[in-house]
Amino acid sequence: MQWHNVDEFLAMGGYGFYVWGSFGVTFAAMALELWLLNKRRQRVTQIVKQEAI
Amino acid sequence: MPKELSTFSVLYRILARDIKVALRRQSDVMAVFFFFIIAASLFPLGSSADPKLLSAMAPSVLWVTALLSCMLSLSRMYSSDHADGTLEQMMLSNQPTVLVVLMKILAHWVLSGLPLVFVAPLIGLQFNLSSAELQLLAISLLMGTLTLSLIGSIGAALTLGVHGTGVLIAILVLPLYIPVLVFGAGAVNAVSIGMNPNGALSLLGTVLAMALVFAPLGSAAALKIALE
Amino acid sequence: MKNMETKTGINWLQINWLRYASPKTFYPLAGKLIPWCATCAVLLIVYGLYLGLFVAPTDFQQGEGYRIIFVHVPAAWFSMFLYLLMAMYAGLGLVLNARLSYMMATAIAPTGAMFTLVALVTGSLWGKPMWGAWWVWDARLTSELILLFLYIGYFSLQAAIDDKNRADKASAVLALVGAINVPIIYFSVKWWNTLHQGASVSLMNAPAMAAVMLKGMLIMAIGFWLYSIAVILVRVRCEIVERDSKTTMFRQD
């Protein structure tokens, strides 16, 4: 373990904004992709249901 | 029975016909030429008249302008022949499509790339370039504009008959033009900073050789897809 | 679709069967794979984050700022890898005239573009403290930017062509041309960078990689890979249903 307390972990040795910014952007982009894909999947499920009838 | 024409004479006729048709519509050919001159002249007005600054940015300015001029005429490469059915006739002839495409590319180069090779050194004078730099500008444009026509023909063939072709071609083709720009302007820049330009020129030649092999193949495939 | 109408009834059935068979068998197979890939992706990414943020030691040159590599480098790898994979499926589609291959290529592109964007933004976030500027014309970042342009071209071409069949084939040709160009572009940008003496510190070669850093990066990369597979498979399934439902609608009238 590299850190002694939460503040130190969040500060990232002064690079906090850049490190957390990077991780934030990465996972935000992945979450956005998943959200958009989920919307599309729901639309598609609707089509499948309609065609099954 | 009509006499069978040899491949060579058919290809020559395609090339000659393309150039003849284009010269009949002179305004199209001249427009590219004038665009180059006018656009390049804008840069000093947008920055400053400082000769040092001008000669430093001249290779990139002239090369980027040449690249845009070549691109402007790309959308016409196949579309006018497509509109009147000539293109289908050429594709249906018993000559290999790749060679027919190569002739169309050459015609495009003669009409929109080659004139720039001659006028660019004149514009270069306005940018305070030395004679060694002007010479390399002409040589790099000679090799580079042919490569631009080759790569551009893929974009022209892919977007044949698609709406809003002009901007679309730019988006498809400009990223592919980057190596040509880098090595072409790089050769001139190398001379400016007192380095040997042969490395850049041979890399430019390599890109040209690769484009000569792959671009007609890609364009022929793209044309077949477009005309399916 | 126009071709189908002009063909005879028997031919039509034959072509239909051949074209639809593989997506039809693929659809449930993909459905079974997705949960496994998704679960493993989550576990690996969490483990990779733990290694990267808690276990990996501070870099002696770049301090804690280097920890950006745990997301930046895998994202950059997959931005390039997914482009090449997309081009491979596109080429396969052209050679075999297989619909499923085109669908795969179409499904890969958005994820590839997403990783390209992530690599650019994280690279820039790394550059600000290290180079003192948000953007430096470093060979890696510049190539990544051009890669984004290539993805944009692929999307634009697909969006511009209304006929799905032609859009598939045309964008496949573009993807292949782009893939041939990727190494040339990368080389030209590197060459240009040495000519103009660009940034000397690079994100990749700066930290003397401790074993645990490398391990964390690789685990994140495998996590991103499984994430990509899961997302791509879901997207391919959507693609299959969307296209086939359109054809059934076409058949009814």
Side-chain angles (χ1 to χ4, degrees), chain B residues 59-60 147 150-155 157-190 192-193 195 197 199-200 203-204 206-207 210-211 213-215 217-228, chain C residues 1-3 83 87 90-91 93-95 97 102 116 137 139 142-163 165-197:
Chain B
S60 74
T147 319
L150 282 161
I151 298 173
S153 96
I154 303 175
L158 282 174
T159 55
L160 188 61
V162 175
H163 310 290
T165 305
V167 187
L168 185 60
I169 289 191
I171 293 175
L172 302 190
V173 158
L174 284 179
L176 302 175
Y177 276 177
I178 288 167
V180 183
L181 171 70
V182 166
F183 297 134
V188 189
N189 273 323
S192 318
I193 57 174
M195 274 168 60
L203 289 168
L204 192 61
T206 313
V207 177
M210 285 189 71
V213 175
F214 288 112
L217 287 172
S219 308
L223 274 184
K224 272 179 197 146
I225 291 164
L227 297 177
E228 231 166 45
Chain C
M1 278 186 236
K2 269 180 198 156
N3 287 338
Y83 191 90
L94 285 173
V95 172
N97 197 20
Y102 291 129
T116 315
W137 290 93
T142 310
S143 310
E144 205 67 44
L145 183 66
I146 298 167
L147 188 67
L148 184 66
F149 296 162
L150 290 177
Y151 275 116
I152 290 171
Y154 182 84
F155 292 130
S156 310
L157 185 61
Q158 259 190 346
I161 303 177
D162 297 326
D163 175 18
N165 189 30
R166 188 187 159 190
D168 276 343
K169 289 181 181 170
S171 53
V173 171
L174 185 70
L176 277 177
V177 173
I180 295 172
N181 251 277
V182 163
I184 303 174
I185 289 172
Y186 184 65
F187 176 75
S188 73
V189 170
K190 263 196 111 145
W191 180 88
W192 164 80
N193 214 34
T194 52
L195 186 73
H196 297 274
Q197 247 115 60

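Order of the sequence lines fixes the chain letters, A, B, ..., with proteins taken first and strands second; residue numbering starts at 1 for each chain.
B:A170 does not touch chain C: none of its heavy atoms, backbone or side chain, sits under 4.5 Å away. If you measure heavy-atom distances from B:L168 to chain C, the contacts under 4.5 Å come from the side chain alone. Both the backbone and the side chain of B:A200 come within less than 4.5 Å of a heavy atom of chain C. For B:L181, no part sits under 4.5 Å from any heavy atom of chain C, backbone or side chain.
Note that OG1 of B:T159 and CD1 of B:I169 are 3.5 Å apart. Values are rounded to the nearest 0.5 Å. How far OH of C:Y186 is from CD of C:E144: 10.0 Å, rounded to the nearest 0.5 Å. The line from CD1 of C:I146 to OG1 of C:T116 is 12.5 Å long, rounded to the nearest 0.5 Å.
Counting heavy-atom pairs closer than 4.5 Å to chain C, the top residue among B:A222, B:A226, B:A221 is B:A226. Top candidate by heavy-atom pairs under 4.5 Å with chain C, chosen from B:I154, B:L160, B:I151, B:T206, is B:L160. The candidate from C:L157, C:V189, C:L145, C:L147 with the greatest count of non-hydrogen atom pairs under 4.5 Å with chain B is C:L157. Your options are B:I193, B:L172, B:L158, and the one with the most heavy-atom pairs under 4.5 Å with chain C is B:L158. Counting heavy-atom pairs closer than 4.5 Å to chain B, the top residue among C:V182, C:L174, C:L150 is C:L174.
Side chains of B:I171 and C:Y154 form no contact here, defined as non-hydrogen atoms less than 4.5 Å apart. Counting heavy atoms from C-beta outward, B:M210 and C:I180 have side chains that approach closer than 4.5 Å. Residues B:V162 and C:R166 form a side-chain contact, since some pair of their non-hydrogen atoms from C-beta on lies under 4.5 Å apart. Residues C:N97 and C:K169 have side chains in contact (heavy-atom distance under 4.5 Å, counting atoms from C-beta outward).
A donor-acceptor pair under 3.5 Å is formed between the side chain of C:Y151 and the backbone N or O of C:Y83.
For residues 173-180 of chain B, heavy-atom neighbours of chain C at less than 4.5 Å comprise B:P175, B:L176, B:I178, B:P179, sorted by residue number.
For the residue pair B:A190 and B:P197, the shortest heavy atom distance occurs at CB-CA, 4.1 Å.
In this pair, C:W137 and C:W192 present their aromatic rings perpendicular. The plane angle is above 60°, beyond the 30 to 60° band.
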